[in-house]
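Just below is one structure, and these are the notes that go with it.
In listed order, ligands and their atoms are each counted from 1.
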Amino acid sequence: MSETPNTTSTVFTPRVFSGIQPSGGLTLGNYLGAIKRFVSMQEAAFETIYCMVDLHAITVWQDPKELVHNTRELAAGFIASGISPEKSILINQSQVPEHAQLGWIFNCVARMGWMQRMTQFKDKAGKNAQNASLGLFGYPALMAADILVYHATHVPVGEDQKQHLELTRDIAAKFNHDYETNFFPMTEPVIEGAATRVMSLRDGSKKMSKSDPSDASRINMTDTADTIAKKIRKAKTDPDGLPSEAKGLELRPEARNLINIYAALSDQSVNQVLTEYGGAQFGTFKPALADLAVAKLSPISDEMARLMNEPAEIDKILARGAQQAREITVPILKKAYDIVGMIRA
Ligand code: AMP
Ligand code: TRP
């Protein structure tokens, strides 16, 4: 019988982990739902690790050259948005092999029935699920490993990732139960703010997404000021003026979305925005939103373009990040192997 290591301590260091797929193009949804909050959490009393999840990206086909480009561009987007490689550990997933190694163990902990309930799998696999990759089905087990290989306690994400984070807790709980340990923490999702679900500019019932066939439905982080202004001007709305309280937005998804975006970009609550714009028409509000969006996003896209001219610098940051990350992941994976009963030198 292998000895169970001493894992009775249940005090976990506050640690933040989150990831984004380098599958091409960052949207305002990614920025407000995720990256902007990654930046603010690095100012708090947390250790922060942010990841380009390239292994997740290949669960659907990626052209290899484009994947390299997109991974660097996402890193540039993180840095340009204010994630500092001095304050946070910035990595691409494949350079920290412990993610995939713990991912395998979690493939053996997670149950088929749990995976079959995942709405992101159903959406991405579409009608032809038989032709989806096995990786796409197992995706959430690798995501759980991304988080738990750091013993991360907090994960900032958009609303669409909530189900995956519940599954992460299920995997941690089943591992702890089956191996009679309390080795993995119960991670807390951090889904907060006015823009946890930014909607399409063309259809207030659909999430803003980089995979939407209509480019007018989203604001890309690399859009020019003119394009941003045009897309906001053309955003779908209703004929009414703006209400003076949040309650008045309940049945007006398009209006609510634009107000949420304004609130998140200007770091105000929805009610604060409505105090200023209640009673105004979209003819007044949309240009104000366009100006705000351009003012916040253009410095980021300019800086991204500058960083993309120095790919070697980006690669160096990621290599250093991987080294720092492995100081955390190697000992945690070793302990996990011991718990499971793997011989190692
Ligand atoms: P993805 O691009 O699917 O890898 O998503 C990366 C992060 O951005 C995740 O935390 C998502 O929850 C978040 N995100 C993506 N789209 C949106 C959206 N429309 N609104 C809010 N958050 C989003
Ligand atoms: N599944 C996330 C998405 O599609 C990306 C992701 C992978 C992630 N691993 C993660 C997010 C770990 C948070 C933590 O957006």
**Residue pair V155 / P189, side-chain heavy-atom distance below 4.5 Å** =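 Not in contact.
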**Prompt:** Are R72 and D315 within salt-bridge range, i.e. N to O under 4.0 Å?
**Reply:**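 Counted as a salt bridge, because a side-chain N and a carboxylate O are separated by less than 4.0 Å.
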Please state which protein non-hydrogen atom is closest to [atom] and give its distance, to 0.1 Å?
{"atom": "atom 22 (N) of ligand 1", "result": "G29 O, 3.3 Å"}
{"atom": "atom 16 (N) of ligand 1", "result": "M208 O, 3.8 Å"}
{"atom": "atom 3 (O) of ligand 1", "result": "Q21 NE2, 4.3 Å"}
{"atom": "atom 10 (O) of ligand 1", "result": "G158 N, 3.2 Å"}
{"atom": "atom 20 (N) of ligand 1", "result": "V198 N, 2.8 Å"}
{"atom": "atom 15 (C) of ligand 1", "result": "N30 ND2, 3.3 Å"}
{"atom": "atom 11 (C) of ligand 2", "result": "G19 O, 3.3 Å"}
{"atom": "atom 10 (C) of ligand 2", "result": "M143 CG, 3.5 Å"}
{"atom": "atom 21 (C) of ligand 1", "result": "T196 O, 3.2 Å"}

Should you measure from each heavy atom of [X], which atoms of ligand 1 turn up under 4.0 Å away?
{"X": "Q161", "answer": "12 (O)"}
{"X": "G33", "answer": "21 (C), 22 (N)"}
{"X": "A195", "answer": "21 (C)"}
{"X": "R197", "answer": "20 (N), 21 (C)"}
{"X": "A34", "answer": "7 (C), 8 (O), 10 (O)"}

[X] neighbourhood, listing ligand 2 atoms whose heavy-atom distance to it stays under 4.0 Å:
{"X": "I147", "value": "12 (C), 14 (C)"}
{"X": "V53", "value": "7 (C), 9 (N)"}
{"X": "F17", "value": "12 (C), 14 (C)"}
{"X": "Y139", "value": "1 (N), 2 (C), 3 (C), 4 (O), 5 (C)"}
{"X": "Q21", "value": "4 (O)"}
{"X": "D146", "value": "7 (C), 9 (N), 10 (C)"}
{"X": "V155", "value": "13 (C), 14 (C)"}

**Message:** Are more than 12 heavy atoms, taken from residues, nucleotides or ligands other than K122, located less than 6.0 Å from that residue's NZ atom?
**Reply:**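 Yes.
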**Message:** Counting only heavy atoms from other residues, nucleotides and ligands, does the tally under 6.0 Å from CD of Q272 exceed 12?
**Reply:**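 It does: Q272 CD has more than 12 such atoms within range.
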**Message:** When you compare ligand 1 with M199, is there at least one nitrogen or oxygen pair between them that comes in under 3.5 angstrom?
**Reply:**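 For ligand 1, there is no N or O atom that lies under 3.5 Å from one belonging to M199.
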**Request:** Please report the C-alpha distance between N30 and M221 in whole Å, then the side-chain angles of each, then the deciding distance to 0.1 Å, and finally whether the side-chain contact (heavy atoms from CB on, under 4.5 Å) criterion is met.
**Result:** CA-CA 9 Å; N30 295 132; M221 295 297 286; over 6 Å; no
**Item:** Nearest option to atom 12 (O) of ligand 1, as decided by whichever heavy atom of I35, D160, T27 sits closest
**Value:**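 It is D160 that holds the nearest heavy atom.
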**Best match, Q161, H56, M52, H99: closest heavy atom to atom 15 (O) of ligand 2** =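 Among Q161, H56, M52, H99, the closest heavy atom to atom 15 (O) of ligand 2 comes from Q161.
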Donor + acceptor pair across side chains of [X], [Y] (<3.5 Å):
{"X": "T13", "Y": "E47", "value": "no"}
{"X": "D160", "Y": "Q120", "value": "no"}
{"X": "N257", "Y": "N260", "value": "no"}

**Request:** Carefully, step by step, assess E276 and Y262 under the rule side-chain hydrogen bond (donor to acceptor under 3.5 Å, both in side chains).
**Result:** CA-CA 12 Å; E276 190 177 348; Y262 192 103; 4.6 Å; no
**Item:** Name of the residue among H99, Q21, Q93 meeting side-chain hydrogen bond (donor to acceptor under 3.5 Å, both in side chains) with H56
**Value:**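 That would be Q93; it is the only one of H99, Q21, Q93 passing the side-chain hydrogen bond (donor to acceptor under 3.5 Å, both in side chains) with H56.
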**Request:** Could you tell me whether some N/O pair between S18 and ligand 2 is separated by less than 3.5 angstrom?
**Result:**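 Looking only at distances, the answer is no, because the N/O contact criterion of under 3.5 Å is not met.
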**Prompt:** What about the rings of H151 and F17, do their centers lie closer together than 6.0 Å?
**Reply:**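 Between H151 and F17, the centre distance exceeds or equals 6.0 Å.
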**Asked** What do we get for S18 next to ligand 1 when only non-hydrogen atoms under 4.0 Å count, side chain, backbone, both or neither?
**Response**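 The answer is neither.
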**Candidate pair D267 and K36, rule salt bridge (Lys or Arg N to Asp or Glu O under 4.0 Å), full reasoning** = CA-CA 10 Å; D267 293 307; K36 189 164 186 286; 2.6 Å; yes
**Pair S214-D212, side-chain hydrogen bond (donor to acceptor under 3.5 Å, both in side chains): steps then yes or no** = CA-CA 5 Å; S214 159; D212 193 311; 4.7 Å; no
**Item:** Location of contacts on L142 toward ligand 2, heavy atoms closer than 4.0 Å
**Value:**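 None of L142 does.
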**Prompt:** With a 4.0 Å heavy-atom cut-off (strictly under), which part of D160 contacts ligand 2: side chain, backbone, both or neither?
**Reply:**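 Within the 4.0 Å criterion, D160 makes no contact with ligand 2.
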**Message:** One pair to check against side-chain contact (heavy atoms from CB on, under 4.5 Å): I328 and I89. What are the steps and the verdict?
**Reply:** CA-CA 11 Å; I328 306 173; I89 298 178; 4.2 Å; yes
**Asked** What orientation do F285 and F282 show, parallel under 30°, tilted 30 to 60°, or perpendicular over 60°?
**Response**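 It falls in the perpendicular class, over 60°.
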**Asked** So F137 and F121, would you call those rings parallel, tilted or perpendicular, with 30° and 60° as cut-offs?
**Response**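 Plane angle over 60°, so perpendicular.
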**Message:** Less than 4.0 Å is my threshold; does some heavy atom of K210 fall inside it relative to ligand 1?
**Reply:**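 Checking ligand 1 against K210, which is what was asked, there is a heavy-atom contact under 4.0 Å.
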